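These numbers come from the heavy atoms of this one structure, side chains and all, not from hydrogens, waters or symmetry mates. The structure presented is a predicted model; accordingly, all values stated were derived computationally and were not measured.
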Amino acid sequence: MNVTGKFLLAFLCISIASYGLSGSVYASNHNLLPLSVATNSDSYAAGDTILIFGSIRDYDGTSPIVTIQIFGPLGGMKFIDQVEPKSDGTYELTKIAQGTINLTGEYTVKAMWNKQPVETIFEFVGGAAPEPLD
């Protein structure tokens, strides 16, 4: 192999390696979601306080409302509210596990900010069993 061929082969190998490295750096820095949501427990019983919290990355105050929805085991919306994030982009909301949260099963918490949705789940135990769908 002549010198030019070795040079091109070395250049190609370095180019491919550097592309892979820069792609992984880019991925690790940009795969963070701009909005997060979580609960303080994975499971609740009747009367427990559900703490829903999260944060907005790079929050600048231009869209000052986060909408929180809770959907029950059968898919129906059980709760909706809006909260205003703090100046650092964090937010929280409390809800007592009672009333419309009364069926045993998995509940989905959805948060939406600036048309960007995220969700998490929790289990409600000790309620009535949901009726099976026919």
> What are the two closest non-hydrogen atoms of Y44 and T39, and how far apart are they?
Replying inline: OH-CB, 3.4 Å
> Is a donor on one side and an acceptor on the other found under 3.5 Å between the side chain of W113 and the backbone of L35?
Replying inline: no
> Is K110 close to P117 at the side-chain level, that is, under 4.5 Å between some pair of heavy atoms?
Replying inline: no
> Which atom pair, heavy atoms only, marks the closest approach of G105 to P73?
Replying inline: CA-CG, 4.0 Å
>> When you measure from the side chain of T100 to the backbone of K78, do you find a donor-acceptor pair of N or O atoms at a distance under 3.5 Å?
In response: yes
>> Could you walk me through whether L103 and L74 satisfy the side chain to side chain contact (heavy atoms under 4.5 Å, CB included) test, starting with their C-alpha distance in whole Å, then the side-chain angles of each, then the deciding distance to 0.1 Å, before giving a yes or no?
In response: CA-CA 9 Å; L103 294 177; L74 302 176; 4.1 Å; yes
>> Out of the candidates I52, I70, D42, N40, only one should pair with F122 under the side chain to side chain contact (heavy atoms under 4.5 Å, CB included) rule; please name it.
In response: I70
> Going by heavy atoms in the side chains, are Y107 and I101 under 4.5 Å from each other?
Replying inline: yes
> So, N114 side chain and Q116 main chain: donor-acceptor pair closer than 3.5 Å or not?
Replying inline: no
> Cluster question for you: counting only ILVMFWY and a side-chain heavy-atom cut-off of under 4.5 Å, with indirect links fine, are F53 and I50 together?
Replying inline: no
> Any idea which heavy atoms bring P85 and V66 closest together, and the distance?
Replying inline: CG-CG2, 3.8 Å
> Is K86 close enough and on-axis enough to Y91, meaning under 6.0 Å and within 45°, for cation-pi?
Replying inline: no
> For Q69 and F79, what are the C-alpha separation, side-chain angles and deciding distance, and is it a side chain to side chain contact (heavy atoms under 4.5 Å, CB included)?
Replying inline: CA-CA 6 Å; Q69 298 172 311; F79 175 79; over 6 Å; no
> Going by atom types alone, do E119 and T108 pair a side-chain donor with an acceptor below 3.5 Å?
Replying inline: no
> Would T94 and T49 count as having a side-chain donor-acceptor pair, cut-off 3.5 Å?
Replying inline: no
>> Run I68 and V109 through side chain to side chain contact (heavy atoms under 4.5 Å, CB included) and show every step you take.
In response: CA-CA 7 Å; I68 307 291; V109 178; 4.2 Å; yes
> In Å, rounded to the nearest 0.5 Å, how long is the span from CG of D48 to OG of S41?
Replying inline: 7.5 Å
>> Go through it in stages, so that I can follow the logic: the residues are V83 and I65, the test is side chain to side chain contact (heavy atoms under 4.5 Å, CB included), and I'd like the CA-CA distance, side-chain angles, deciding distance and then a yes or no.
In response: CA-CA 6 Å; V83 294; I65 299 296; over 6 Å; no
>> Quick one: does any side-chain atom of S36 pair with a main-chain N or O of S55 as donor and acceptor, under 3.5 Å?
In response: yes
>> On a heavy-atom basis, which atom in A97 and which in F124 lie closest, and how many Å separate them?
In response: CB-CE1, 3.8 Å
